[in-house]
Amino acid sequence: MSPPGERQPPHLVPGGRTVTPLNSPLEVGVRALVLLSESHPLSLDLTQLVALDYLVLHSGEFDGPRSLHPDLPAREGELGRKRELLEQGLLVLIRAGLADIVSSKGGLMYAATETGLTFIEVLEAPYVASLRERAEWALHHYASLTHARSVTHQIINRAATGSAYGGGGHG
């Protein structure tokens, strides 16, 4: 507890846990909303979102546009944490009215709402434009559930064998 009159830094939450905006549910949620917006009116499930989010960030490994994030060792380990962060990020989007849960014969899917579509349209940051470009590429090449599972297996196999993709990488 801070002494009276002394303000607690904004990045601390109750319990003393530090929250950073990078790789937080908020950041991952915005990336998910970009994917949901670019796939609209089609909805995506969590497996697809995990694979597509990886593809958006590391597109150069898959012969796509230059990767947004650097080629770091063991980045395949992102997959486990990414699923949890995506679930949390999707909850943020749903609570904000930017995304909805859609029930389908295949299970639970997620879709951008009209408010979510408008939200993404008004964002003007160059990073968001890069996300949208890569999301469009990833959805065009890997949106099906079969492709999402295939990409996930490729990433896991690469981690197991220690091999790297021959793609363009980060540059």
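Computed from heavy atoms alone, side chains included, the values below leave out hydrogens, waters and symmetry copies.
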Peer 1: Give a yes or no on whether Glu87 atom CD has more than 12 heavy-atom contacts from other residues, nucleotides or ligands under 6.0 Å away.
Peer 2: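 Yes, because the 6.0 Å sphere around CD of Glu87 holds more than 12 heavy atoms from other groups.
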Peer 1: Measure the shortest side-chain to side-chain distance between Lys82 and Arg31 over non-hydrogen atoms and say whether it is less than 4.5 angstrom.
Peer 2: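 Of all side-chain heavy-atom pairs linking Arg31 with Lys82, at least one is under 4.5 Å.
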Peer 1: For residues Leu36 and Leu117, determine if any side-chain heavy atom of one lies less than 4.5 Å from a side-chain heavy atom of the other.
Peer 2: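 No, side chains not in contact.
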Peer 1: Should Arg132 and Glu121 count as an ion pair when the cut-off is N to O under 4.0 Å?
Peer 2: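 A salt bridge links Arg132 with Glu121.
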Peer 1: Linking I/L/V/M/F/W/Y whenever their side-chain heavy atoms sit closer than 4.5 Å, directly or via other members, would Tyr142 and Leu68 fall into one cluster?
Peer 2: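 Yes.
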Peer 1: Please answer: with hydrophobic residues joined when any side-chain heavy atoms are less than 4.5 Å apart, are Leu33 and Leu108 in the same cluster?
Peer 2: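 In one cluster: yes.
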Peer 1: If hydrophobic clusters are built from ILVMFWY residues whose side chains come within less than 4.5 Å, do Ile94 and Leu35 share one?
Peer 2: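 In one cluster with Ile94: Leu35, yes.
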Peer 1: Between Ala32 and Leu49, which heavy-atom pair has the shortest distance, and what is it?
Peer 2: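 That closest heavy-atom pairing would be O-CD2, 4.4 Å.
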Peer 1: For residues Leu98 and Ile120, determine if any side-chain heavy atom of one lies less than 4.5 Å from a side-chain heavy atom of the other.
Peer 2: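 Sidechains of Ile120 and Leu98: no contact.
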Peer 1: Would you say Leu91 and Phe119 are hydrophobically clustered, going by side-chain heavy atoms of ILVMFWY under 4.5 Å?
Peer 2: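 No, no single cluster joins them.
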Peer 1: Can you name the one residue among Ile101, Leu44, Asp45 that meets side-chain contact (heavy atoms from CB on, under 4.5 Å) with Tyr110?
Peer 2: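 It is Ile101; the other options fail the test.
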Peer 1: Run Trp137 and Glu38 through side-chain contact (heavy atoms from CB on, under 4.5 Å) and show every step you take.
Peer 2: CA-CA 10 Å; Trp137 167 83; Glu38 293 298 322; over 6 Å; no
